[in-house]
A.B. asks: 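Got a structure here, written out as structure tokens. Questions coming.
All values derive from a computational prediction rather than experimental measurement. The analysis underlying the following values was restricted to heavy atoms, covering all of them including side chains, and did not include hydrogens, waters or symmetry mates.
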Amino acid sequence: MKLEGVFKKMSSQNKKPVEYFLLLGDDLLCLNQLIGRKIKIKHSFNQCLHCQKDLPIYRMGYCKTCFFLVPQTNESILRPELSTAHMGIEQRDLAFEKELELQPHIVYLAVSSGLKVGVTRKSQTPTRWIDQGASFALPILECENRYQAGITEVALAQHVADKTNYRKMLTGDIPQLDLVLERDKIREFIPKETAHFFLEKEEIQYFVYPLPNLDKITSLSLDKNPEIEKTLLGIKGQYLVFDDFTALNVRSFEGYGVEVEVG
């Protein structure tokens, strides 16, 4: 089986274990069914997710020109506290920004490699946690917009990490923490203006991935290795993990045109 298309982040279904899918052109690959099989991935072209041109991918699947133009890469995407849509102030496209940012957002605690705080649109739960390879997660506030969630995350990030160590996440070196207890420890640091959004009765959500625990892991790059041929060992987060303990972060290579051949 040989397919061609452009990498975009894997989609998933929250089952036990999580089921992963990769859309290439008009073909949808059920990746869980490929575990144990040899996969050849060859980077052969680029396609910017906006202009569709074969140009070097700068960041997030976009060429450099588009990255600094499209609203999908606004600063408020990576830094929600910079959102201005609630004030009617445009960054690049106010209609887009209002649709994205003026909707319920969840501030959460999760454990992917260690305890972390994060923000996601309510409509993106539990997808966001699965994309991060979280073993378990707990919503702690439901804010009205992205700005409110962002300033809350900034305040809590002074006391809880907001980054994931991908090696620990993939090897399964995960601390067993009580998220309800951890939530209660940091409740006093929630800003007064968002404290009334606190969620008292949310339950912890747990996730199981099609990947065994590993002793070590090394990342792969399609820039350094444009042709990869390895046996798929498992999947977690947005990583394809191979039997030589190397891992490819599919989301890091969005916009890369690839040929995929399954043995």
Side-chain angles (χ1 to χ4, degrees), residues 7-22 29-41 106 108-118 120 124-140 157 160-183 185 202-222 224-225 227-254 258 260 262-263:
F7 264 168
K8 295 180 183 177
K9 85 178 189 75
M10 294 181 286
S11 58
S12 60
Q13 291 184 359
N14 185 19
K15 297 185 178 181
K16 296 190 183 302
V18 172
E19 289 189 356
Y20 285 95
F21 304 88
L22 181 64
L29 278 174
C30 180
L31 294 170
N32 294 51
Q33 295 179 4
L34 304 184
I35 292 173
R37 297 176 66 178
K38 184 166 286 187
I39 298 178
K40 183 177 180 180
I41 301 172
I106 298 294
Y108 62 85
L109 291 177
V111 176
S112 298
S113 57
L115 184 66
K116 66 162 288 182
V117 63
T120 188
Q124 287 298 298
T125 60
T127 301
R128 174 64 171 165
W129 303 323
I130 292 171
D131 286 347
Q132 293 180 336
S135 294
F136 41 102
L138 176 69
I140 58 174
V160 179
D162 60 354
K163 298 290 187 295
T164 296
N165 181 315
Y166 86 93
R167 285 190 172 87
K168 287 186 176 181
M169 181 269 287
L170 290 176
T171 56
D173 184 14
I174 309 300
Q176 297 304 308
L177 300 173
D178 183 337
L179 289 188
V180 173
L181 179 61
E182 297 298 332
R183 176 200 66 185
K185 285 181 184 177
E202 287 295 313
E203 294 184 354
I204 299 170
Q205 297 192 38
Y206 296 87
F207 308 97
V208 177
Y209 299 91
L211 180 71
N213 289 342
L214 309 173
D215 293 326
K216 58 182 180 178
I217 200 74
T218 304
S219 64
L220 289 169
S221 167
L222 289 177
K224 296 178 180 178
N225 305 102
E227 189 168 323
I228 297 167
E229 187 170 4
K230 301 174 184 287
T231 298
L232 184 64
L233 178 66
I235 314 160
K236 189 176 184 182
Q238 281 291 313
Y239 287 84
L240 298 176
V241 181
F242 301 98
D243 64 345
D244 61 350
F245 309 116
T246 58
L248 180 69
N249 185 347
V250 172
R251 194 161 196 181
S252 290
F253 296 100
E254 287 187 301
V258 294
V260 175
V262 180

A.B. asks: Kindly indicate whether the side chain of Leu115, heavy atoms from C-beta on, has any atom under 4.5 Å from the side chain of Lys185.
C.D. replies: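 The answer is no; the side chains never approach within 4.5 Å.
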A.B. asks: What heavy-atom pair brings Asp162 and Ala157 nearest, and what distance separates the two atoms?
C.D. replies: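 Looking at all heavy atoms of both residues, the shortest contact is OD2-CB, 4.1 Å.
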A.B. asks: Is any side-chain heavy atom of Phe253 closer than 4.5 Å to one of Ile41?
C.D. replies: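 Not touching, per the 4.5 Å side-chain cut-off.
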A.B. asks: How many angstroms lie between CD in Gln238 and CZ in Phe7, if you round to the nearest 0.5 Å?
C.D. replies: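 Result: 10.5 Å between the selected atoms.
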A.B. asks: With side chains defined as the heavy atoms from C-beta onward, is the minimum distance between Ser112 and Tyr166 less than 4.5 Å?
C.D. replies: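 Not touching, per the 4.5 Å side-chain cut-off.
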A.B. asks: Which pairs count as salt bridge (charged side-chain N to carboxylate O under 4.0 Å, His left out) when at least one residue sits in residues 213-222, sequence neighbours excluded?
C.D. replies: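 Output for this query is empty, none listed.
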A.B. asks: Evaluate whether atom CD of Glu229 has more than 12 neighbouring non-hydrogen atoms of other residues, nucleotides or ligands under 6.0 angstrom away.
C.D. replies: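 Yes, enclosed.
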A.B. asks: Looking only at heavy atoms, which two atoms of Ile174 and Met169 are closest? And how far apart?
C.D. replies: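 Closest approach of Ile174 to Met169: CD1-CA, 4.1 Å.
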A.B. asks: With a 4.5 Å limit on heavy-atom distance, are the side chains of Leu240 and Ile39 in contact?
C.D. replies: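 Side-chain contact under 4.5 Å: no.
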A.B. asks: Between Gln132 and Ser113, is the side-chain contact (heavy atoms from CB on, under 4.5 Å) condition met? List the steps.
C.D. replies: CA-CA 10 Å; Gln132 293 180 336; Ser113 57; over 6 Å; no
A.B. asks: To the nearest 0.5 Å, how far apart are CD in Glu19 and CD1 in Ile130?
C.D. replies: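 The CD1 atom of Ile130 is 10.5 Å from CD of Glu19, to the nearest 0.5 Å.
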A.B. asks: Would you mind reporting whether Val250 and Tyr239 have side-chain heavy atoms less than 4.5 Å apart?
C.D. replies: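 Sidechains of Val250 and Tyr239: no contact.
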A.B. asks: Under a 3.5 Å distance rule, please check whether Asn225 uses its side chain to pair with a backbone N or O of Ile228 as donor and acceptor.
C.D. replies: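 Side chain of Asn225 to backbone of Ile228: no pair is present.
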A.B. asks: Hey, could you give me the CG/NZ distance between Asp243 and Lys38, rounded to the nearest 0.5 Å?
C.D. replies: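 So the gap between those two atoms works out to 8.5 Å.
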A.B. asks: Go through the steps for Tyr209 and Val241 under the test side-chain contact (heavy atoms from CB on, under 4.5 Å), then give the verdict.
C.D. replies: CA-CA 12 Å; Tyr209 299 91; Val241 181; over 6 Å; no
A.B. asks: Pairing donors with acceptors under 3.5 angstrom, does anything connect the side chains of Thr246 and Asp244?
C.D. replies: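 The criterion, which ignores hydrogens and geometry beyond distance, is satisfied for Asp244 and Thr246.
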A.B. asks: Between Ile235 and Met10, is any pair of side-chain heavy atoms under 4.5 Å apart?
C.D. replies: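 Side-chain contact under 4.5 Å: yes.
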A.B. asks: Less than 4.5 Å apart, any side-chain heavy atom of Gln176 and any of Phe136?
C.D. replies: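 A side-chain contact exists here, since the closest heavy-atom pair is under 4.5 Å.
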A.B. asks: List the atom of Lys236, the atom of Leu211, and the distance in Å for their closest heavy-atom pair.
C.D. replies: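 Of all heavy-atom pairs spanning Lys236 and Leu211, the closest is CB-CD2, 3.8 Å.
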A.B. asks: Minimum heavy-atom separation for Asp131 to Arg251, with atom names?
C.D. replies: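 Looking at all heavy atoms of both residues, the closest pair is OD2-NH1, 3.9 Å.
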A.B. asks: With a 4.0 Å cut-off on N to O distance, would you call Glu227 and Lys40 a salt bridge?
C.D. replies: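 Salt bridge between Glu227 and Lys40, a charged N being under 4.0 Å from a carboxylate O: yes.
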A.B. asks: Ring-plane angle category for Trp129 and Tyr108, please: parallel below 30°, perpendicular beyond 60°, tilted otherwise.
C.D. replies: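 Perpendicular.
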A.B. asks: Could you check Lys230 against Leu220 for side-chain contact (heavy atoms from CB on, under 4.5 Å), going step by step and ending with a plain yes or no?
C.D. replies: CA-CA 12 Å; Lys230 301 174 184 287; Leu220 289 169; 3.9 Å; yes
A.B. asks: With rounding to the nearest 0.5 angstrom, report the CD1 to CG distance, Ile204 to Leu109.
C.D. replies: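 One gets 9.5 Å once the value is rounded to the nearest 0.5 Å.
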A.B. asks: Assess whether atom NZ of Lys16 is packed by more than 12 heavy atoms of other residues, nucleotides or ligands within 6.0 Å.
C.D. replies: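 Yes, because the 6.0 Å sphere around NZ of Lys16 holds more than 12 heavy atoms from other groups.
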A.B. asks: Near Lys8 NZ, under 6.0 Å, is it more than 12 heavy atoms from other residues, nucleotides or ligands?
C.D. replies: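 At most 12 heavy atoms, drawn from other residues, nucleotides or ligands, come within 6.0 Å of this atom.
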A.B. asks: Is the shortest side-chain heavy-atom distance between Ile140 and Glu202 below 4.5 Å?
C.D. replies: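 When only atoms from C-beta onward are counted, Glu202 and Ile140 do not touch, as no gap falls below 4.5 Å.
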A.B. asks: How close do Leu233 and Ile35 get, heavy atom to heavy atom, and via which atoms?
C.D. replies: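 That would be O-CG2, 3.4 Å.
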A.B. asks: Which value, rounded to the nearest 0.5 Å, describes the distance between Leu248 atom CG and Ser219 atom OG?
C.D. replies: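 The CG atom of Leu248 sits 9.0 Å away from the OG atom of Ser219.
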A.B. asks: How long is the straight-line distance from CG of Leu31 back to CZ of Arg37, given to the nearest 0.5 Å?
C.D. replies: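 If we round to the nearest 0.5 Å, Arg37:CZ and Leu31:CG are 11.5 Å apart.
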A.B. asks: Between Leu232 and Phe242, does a side-chain contact (heavy atoms from CB on, under 4.5 Å) hold up when you go through it step by step?
C.D. replies: CA-CA 4 Å; Leu232 184 64; Phe242 301 98; 4.2 Å; yes
A.B. asks: May I ask you to decide if Val18's main-chain N or O and Asn32's side chain share a donor-acceptor pair within less than 3.5 Å?
C.D. replies: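 Answer holds: yes.
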